S.K.: 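Below you'll find the structure I mean.
Numbered from 1 within each chain, the chains take letters A, B, ... in sequence-line order. Quick caveat: nothing in here was measured; it's all calculated off a predicted structure. Side-chain atoms are counted along with the backbone in the values below, which use heavy atoms only and exclude waters and symmetry mates.
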Amino acid sequence: EAQVTQNPRYLITVTGKKLTVTCSQNMNHEYMSWYRQDPGLGLRQIYYSMNVEVTDKGDVPEGYKVSRKEKRNFPLILESPSPNQTSLYFCASSLSGGKGYEQYFGPGTRLTVT
Amino acid sequence: AQKVTQAQTEISVVEKEDVTLDCVYETRDTTYYLFWYKQPPSGELVFLIRRNSFDEQNEISGRYSWNFQKSTSSFNFTITASQVVDSAVYFCALSEAYIIQGAQKLVFGQGTRLTINP
């Protein structure tokens, strides 16, 4: 089944404790992206990757890191999480990074930082 | 700057009523794409439709229909004869490209929470 998977689905952590949210897709998609969803703000892009070893900042990259060493994986790293990073996170992928390609979203990761 | 506005934060209707969700966008691009996504209470994002800026034909899919009007920069979504299962948050989104990188940039509206009451 074609899908985007994220782990963990739920995470409660404390300020400053490094964490990684994994994202994997099995559709051989070139483009992958991370979004955060906050009430009243919709989804905002954190980082995106056009292909292996090609990543760039989205609209809200502060406090996050990403890497794309393999085509299928695009982990999101929070080196020192803070309470303002409490949010619902979505990973997405699409066949190409060109505009207009439909993005397939993972199930989401709900992160709480205390 | 590119922007998507969904002015209706919450809508509540009784089952079988028709309901329209508004979406207004701003963009510099002449070529762009518009999307609607549904987020049911389970939390996942479900793709509903994509429209490119050159195709202003309205689209109907079962009880769902979309009205795209470039003249008013709007891409509204109507559910006919609503059902309880339509209860969800609906997002309108605009896809254009980062100027330098050329990569797609998906900008979402704030979402409209639709509640269908039995």
S.K.: Report yes or no: do A/V52 and A/W34 belong to one cluster of Ile/Leu/Val/Met/Phe/Trp/Tyr joined by side chain heavy-atom distances under 4.5 Å?
M.R.: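 No, separate clusters.
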S.K.: Honestly curious: do A/V66 and A/L11 fall in one hydrophobic cluster under the side-chain, below-4.5 Å linking rule?
M.R.: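 Same cluster: A/V66 reaches A/L11 through Ile, Leu, Val, Met, Phe, Trp or Tyr contacts under 4.5 Å.
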S.K.: Counting only heavy atoms from other residues, nucleotides and ligands, does the tally under 6.0 Å from NZ of B/K70 exceed 12?
M.R.: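 Yes, enclosed.
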S.K.: Less than 4.5 Å to any heavy atom of chain A: does that hold for the side chain of B/Q6, its backbone, both, or neither?
M.R.: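 Interface part for B/Q6: neither.
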S.K.: What heavy-atom pair brings A/E102 and B/F35 nearest, and what distance separates the two atoms?
M.R.: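 Scanning both residues, the minimum pair turns out to be CA-CE2, 4.0 Å.
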S.K.: Start with the C-alpha distance between B/L45 and A/L43, add both sets of side-chain angles, then the distance that settles side chain to side chain contact (heavy atoms under 4.5 Å, CB included), and finish with yes or no.
M.R.: CA-CA 11 Å; B/L45 284 161; A/L43 283 80; 3.6 Å; yes
S.K.: Taking it one step at a time, do A/F105 and B/Q39 satisfy side chain to side chain contact (heavy atoms under 4.5 Å, CB included)?
M.R.: CA-CA 11 Å; A/F105 285 83; B/Q39 186 175 45; over 6 Å; no
S.K.: Please classify the contact of A/S96 with chain B as side chain, backbone, both or neither, using a heavy-atom distance under 4.5 Å.
M.R.: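 The answer is the backbone of A/S96.
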S.K.: With the 4.5 Å side-chain cut-off for hydrophobic clustering, are B/Y32 and A/Y31 part of the same group?
M.R.: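 Result: no, two separate clusters.
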S.K.: Got a second to check how far A/Q37's CD is from B/F108's CZ, nearest 0.5 Å?
M.R.: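 Going from the CD atom of A/Q37 to the CZ atom of B/F108 covers 9.0 Å.
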S.K.: Following the transitive rule for hydrophobic clusters with a side-chain heavy-atom cut-off under 4.5 Å over Ile, Leu, Val, Met, Phe, Trp and Tyr, establish whether B/F68 and B/L48 coincide in one cluster.
M.R.: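 They do share one cluster, since a chain of ILVMFWY contacts under 4.5 Å joins B/F68 to B/L48.
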S.K.: Is it true that B/Y64 and B/I49 fall in one hydrophobic cluster, defined by side-chain heavy atoms closer than 4.5 Å?
M.R.: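 Both belong to a single hydrophobic cluster.
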S.K.: Answer with side chain, backbone, both or neither: which region of B/Y33 has an atom nearer than 4.5 Å to a non-hydrogen atom of chain A?
M.R.: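 Only the side chain of B/Y33 comes within 4.5 Å of chain A.
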S.K.: Would you please test A/Y104 and B/F47 for side chain to side chain contact (heavy atoms under 4.5 Å, CB included) and show each step?
M.R.: CA-CA 8 Å; A/Y104 296 80; B/F47 166 79; over 6 Å; no
S.K.: Would you mind checking which part of B/L106 comes under 4.5 Å of any heavy atom in chain A, side chain (CB onward), backbone (N, CA, C, O), both or neither?
M.R.: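 Its backbone and side chain both get close to chain A.
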S.K.: Calculate, to the nearest 0.5 Å, the distance between atoms CD and CG belonging to B/Q110 and A/D38 respectively.
M.R.: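 Going from CD on B/Q110 over to CG on A/D38, the span is 12.5 Å.
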